[in-house]
2 protein chains.
Amino acid sequence: MKKRVTIHDIARIAGVSSATVSRVLSKSSYPVSSELRQKIEQLAEEYDYIPNMVGKQLKTHTNTTIGVIVPTISNPFYSSVVLGIEEVARRNNYHVFLCNSLQNPKQEDEYLEKLFENQVKGVIISSISFNRKLMARLIKLGLKVIAIDQPIDLPDILQIKFDYRKGGYMATKYLADQGHRRIAYVTAPMDRPSRQSIFEGYRDALLESGIAVEDGLVKVSEPTEGDETRGEFENGKLLTRQLLELSELPTAIFACNDMTAFGVISELSAHGVKIPEHISVIGFDNIDFSQMIAPPLTTINQPSYEMGKLAYSMLMELMKGGQAEMDIVLQPKLVERSTVAAIK
Amino acid sequence: MKKRVTIHDIARIAGVSSATVSRVLSKSSYPVSSELRQKIEQLAEEYDYIPNMVGKQLKTHTNTTIGVIVPTISNPFYSSVVLGIEEVARRNNYHVFLCNSLQNPKQEDEYLEKLFENQVKGVIISSISFNRKLMARLIKLGLKVIAIDQPIDLPDILQIKFDYRKGGYMATKYLADQGHRRIAYVTAPMDRPSRQSIFEGYRDALLESGIAVEDGLVKVSEPTEGDETRGEFENGKLLTRQLLELSELPTAIFACNDMTAFGVISELSAHGVKIPEHISVIGFDNIDFSQMIAPPLTTINQPSYEMGKLAYSMLMELMKGGQAEMDIVLQPKLVERSTVAAIK
DNA sequence: TTTATGATAGTAATCGATTGCAGTAACAAT
DNA sequence: ATTGTTACTGCAATCGATTACTATCATAAA
């Protein structure tokens with residue numbers, strides 16, 4: 001582990017002051033004779049000089065890193081969001097510090113604090129159960145925060161929301177319009193606001209279509225530990241099994257997200273139920289995989305990649321001190337594919 | 001943007017020197033009277049003191065960050081690797097700096113250099129086409145590197161390999177043992193060593209089973225731009241379409257990875273071909289999704305999560321100056337599910 | 001009583017880079 | 001000849017923390 005070459009080493013070798021070297025190598029507009037400039041550049045090259053950003057950061061209080069905290073990138077929805085953020089960040093010479101909270105509130109706090117200690121000035125977070133006190137404290141200390149997907153009701157946090165309720169409404173209404181009357185709703189635990197909203201949309205649509213909400217058709221899973229993505233799939237299977245025990249089967253199943261819908265489809269197939277001939281299925285999220293299964297899943301689109309890009313832009317705006325005082329609500333869109341059939 | 005509280009502020013308020021504050025707050029074993037200790041801790045709490053790691057890092061030349069460069073986390077294989085790395089890193093109070101190279105060599109170089117500038121001491125990388133010169137230079141300067149998945153033939157780089165050839169062999173042999181004689185191989189461009197190896201395994205198995213390698217049954221796609229994950233799915237579809245035009249159809253299709261296999265299945269289904277009754281399909285990777293589709297995919301397991309955990313451990317070993325002079329080769333395993341049927 | 005010892009606390013240098021301020025030399029303007 | 005201006009270049013402080021070294025004082029050992 002040899003000592004790295006510093007600006008002082010180059011200065012010494014070139015017989016100039018480190019100030020001059022800094023001026024050349026940091027490409028400042030400060031005038032330096034082209035003679036010295038060339039000499040220094042050559043020496044830097046020759047001696048494999050690579051600047052130490054830590055020194056620079058300490059002095060200038062600037063950095064080009066933002067933090068991103070999501071439940072888990074094993075969920076394609078979030079990995080798509082992260083990719084969107086990174087794409088724009090890269091173009092602006094920014095870096096992403098990625099953190100998977102794994103639905104663990106303590107983990108979330110730890111990451112948040114670590115990021116702050118490392119002088120990160122801005123964070124994009126999809127927070128399940130945030131720590132009000134910590135968050136408020138960091139914000140008071142100057143941290144800029146964009147909340148995506150899951151709302152955080154604290155001042156000075158910008159939100160990128162998604163109209164889950166309308167999404168739930170659209171999916172359900174679509175099924176009703178296709179003639180379905182017995183529409184089941186299969187969902188992960190409703191501890192998150194987003195899931196609560198989807199359910200409300202479901203209810204709205206049923207009511208509007210003159211269909212009573214039947215408790216037996218609404219299946220809610222227990223909270224699970226560990227890998228959320230895998231858990232949702234399993235939950236879809238489990239709840240579908242319960243549904244299949246009903247004396248009168250539903251003709252359509254609405255799942256709270258695509259992953260759960262995959263579970264539903266998997267279980268139905270295993271029981272020989274044809275989709276969509278016997279039972280229709282609709283999902284939520286429109287992750288990439290939803291078009292890769294057979295038959296391709298009809299679902300509600302949530303623009304994850306765009307959400308990521310937007311979040312980055314808003315964060316930059318905030319960090320530049322801009323008055324980005326507006327929350328944004330993204331709109332759902334129905335993506336018709338092949339898992340929903342009309343009822344004659 | 002108020003100025004943050006520093007160790008000196010606390011020292012001034014407490015009427016002690018910053019040295020003492022540092023000793024208390026960094027929990028060093030240096031003795032400080034419990035009286036002062038308590039006072040300082042209380043003050044730190046009261047004034048919301050949060051240490052500045054940049055200062056610490058500059059002085060101590062230590063940090064707790066490692067870099068991870070993968071093609072893209074939208075590929076579940078890599079997101080699983082990353083999750084594995086992060087899991088162990090977290091337990092050791094380390095952080096992950098994530099970079100998606102998006103199969104772009106220039107991007108890869110930029111990230112590598114940025115990481116080094118930020119004083120990252122260790123990197124785990126799955127490199128498509130690495131820059132020999134840059135990599136060698138950084139290693140000479142003390143960077144520790146673990147290559148996963150894709151080999152890098154440079155000294156001082158530790159490798160975690162996977163026996164792709166054996167995997168390709170196992171998949172093909174399995175099909176042959178089930179009575180298949182017309183076994184197609186569908187693959188992304190063979191520019192990566194890994195893919196080349198799988199093909200060799202395919203060939204080995206055919207030869208061993210007394211089956212001639214038929215050019216018409218080996219379909220190789222063109223290199224694609226952009227989102228690799230999505231591209232592989234589309235390639236699977238495209239190549240399958242070509243296969244279906246053959247006068248004599250294959251009875252089994254072996255895809256170079258699960259994503260491609262999904263494309264194969266999707267296209268077959270669209271043409272009304274039943275899986276596995278008409279045509280058997282086998283994948284490669286065993287990503288989580290492979291068990292979530294209907295019917296669940298028979299495939300070759302590549303232990304991505306473990307690979308991540310292992311990579312982290314080896315990197316730490318290297319960084320501690322340990323003599324982890326051994327490359328590791330992970331072994332494939334056949335995962336039997338429902339997309340392969342025996343031929344009578 | 002004197003000296004050795006240990007517990008505490010402070011001084012000041014240091015990490016690598018930036019930058020305000022000052023100094024110098026050359027040349028132009030008066 | 002004097003002053004002003006421009007173009008460089010260097011000095012030294014600074015960012016926030018750590019730490020080797022020194023200083024002080026109380027207590028124990030001789």
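Each chain gets a letter, A, B and so on, in the order the sequences are listed, and its residues count up from 1.
Residues from residues 8-17 of chain A lying near DNA chain D, meaning a heavy-atom separation below 4.0 Å, are G15(A), V16(A), S17(A) in numerical order. Using a 4.0 Å cutoff on non-hydrogen atoms, no part of residues 111-118 of chain B comes near DNA chain C. Scanning residues 35-60 of chain A for heavy-atom distances under 4.0 Å to DNA chain D yields L36(A), L58(A), K59(A).
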Donor-acceptor contacts under 3.5 Å from residues 70-88 of chain B side chains, at least two apart:
from, atom 1, to, atom 2, distance (Å)
T72(B), OG1, S74(B), N, 3.0
T72(B), OG1, S74(B), OG, 3.1
S74(B), OG, T229(B), OG1, 2.8
N75(B), OD1, F77(B), N, 2.8
N75(B), ND2, E228(B), OE2, 3.4
Y78(B), OH, S126(B), OG, 3.4
Y78(B), OH, D149(B), OD2, 2.9
S79(B), OG, P76(B), O, 3.2
S80(B), OG, S304(B), OG, 2.7
S80(B), OG, Y305(B), N, 3.4
E86(B), OE1, N100(A), ND2, 2.5
E86(B), OE2, N100(A), N, 3.0
E86(B), OE2, Y111(A), OH, 2.6
E87(B), OE2, R91(B), NE, 3.1
E87(B), OE2, R91(B), NH2, 2.8

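Of all non-hydrogen atoms in R37(A) and V32(A), the two that sit nearest each other are NH1-O, 3.3 Å.
Both the sub-6.0 Å distance and the 45° axial angle are satisfied by R4(B) relative to the ring of F116(A).
Across dA9(C), dG20(C), dT18(C), the shortest atom-to-atom separation from the side chain of S22(A) is found for dT18(C).
One finds a side-chain N or O of T20(B) lying less than 4.0 angstrom from the OP1 or OP2 phosphate oxygen of dG10(C).
Protein chain B contacts DNA chain D from dG16(D) to dC21(D), reading 5' to 3' and using non-hydrogen atoms of the protein with a distance under 4.0 Å.
Put simply, OH on Y30(B) is 12 Å from C1' on dT11(C), counting in whole angstrom units.
Looking at residues two or more places apart in sequence or on another chain, you find a side-chain contact (heavy atoms from CB on, under 4.5 Å) between R12(B) and D9(B). Annotation: side-chain contact (heavy atoms from CB on, under 4.5 Å) contacts of H61(B) (sequence neighbours excluded): none. Considering only residues two or more places apart in sequence or on other chains, T60(B) meets the side chain to side chain donor-acceptor pair (under 3.5 Å) condition with T62(B). Legend: residues meeting ring pair (Phe, Tyr, Trp, His ring centres under 6.0 Å) with F162(B), ordered by chain and number and at least two apart, are Y164(B). With sequence neighbours left out, F97(B) forms a ring pair (Phe, Tyr, Trp, His ring centres under 6.0 Å) with H95(A), F97(A). The side-chain contact (heavy atoms from CB on, under 4.5 Å) test applied to I328(A) returns L310(A), M314(A), L330(A), not counting sequence neighbours. With sequence neighbours left out, T64(B) forms a side-chain contact (heavy atoms from CB on, under 4.5 Å) with Y94(B).
Under the 4.0 Å criterion applied to side-chain N and carboxylate O atoms, D156(B) and K140(B) are not assigned as salt-bridge partners. Taking a cutoff of 4.0 Å between a charged side-chain nitrogen and a carboxylate oxygen, D109(B) and K114(B) do not qualify as a salt bridge.
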List the steps, then state whether side chain to side chain contact (heavy atoms under 4.5 Å, CB included) holds for S127(B) with Q150(B).
CA-CA 6 Å; S127(B) 174; Q150(B) 306 293 336; 5.6 Å; no
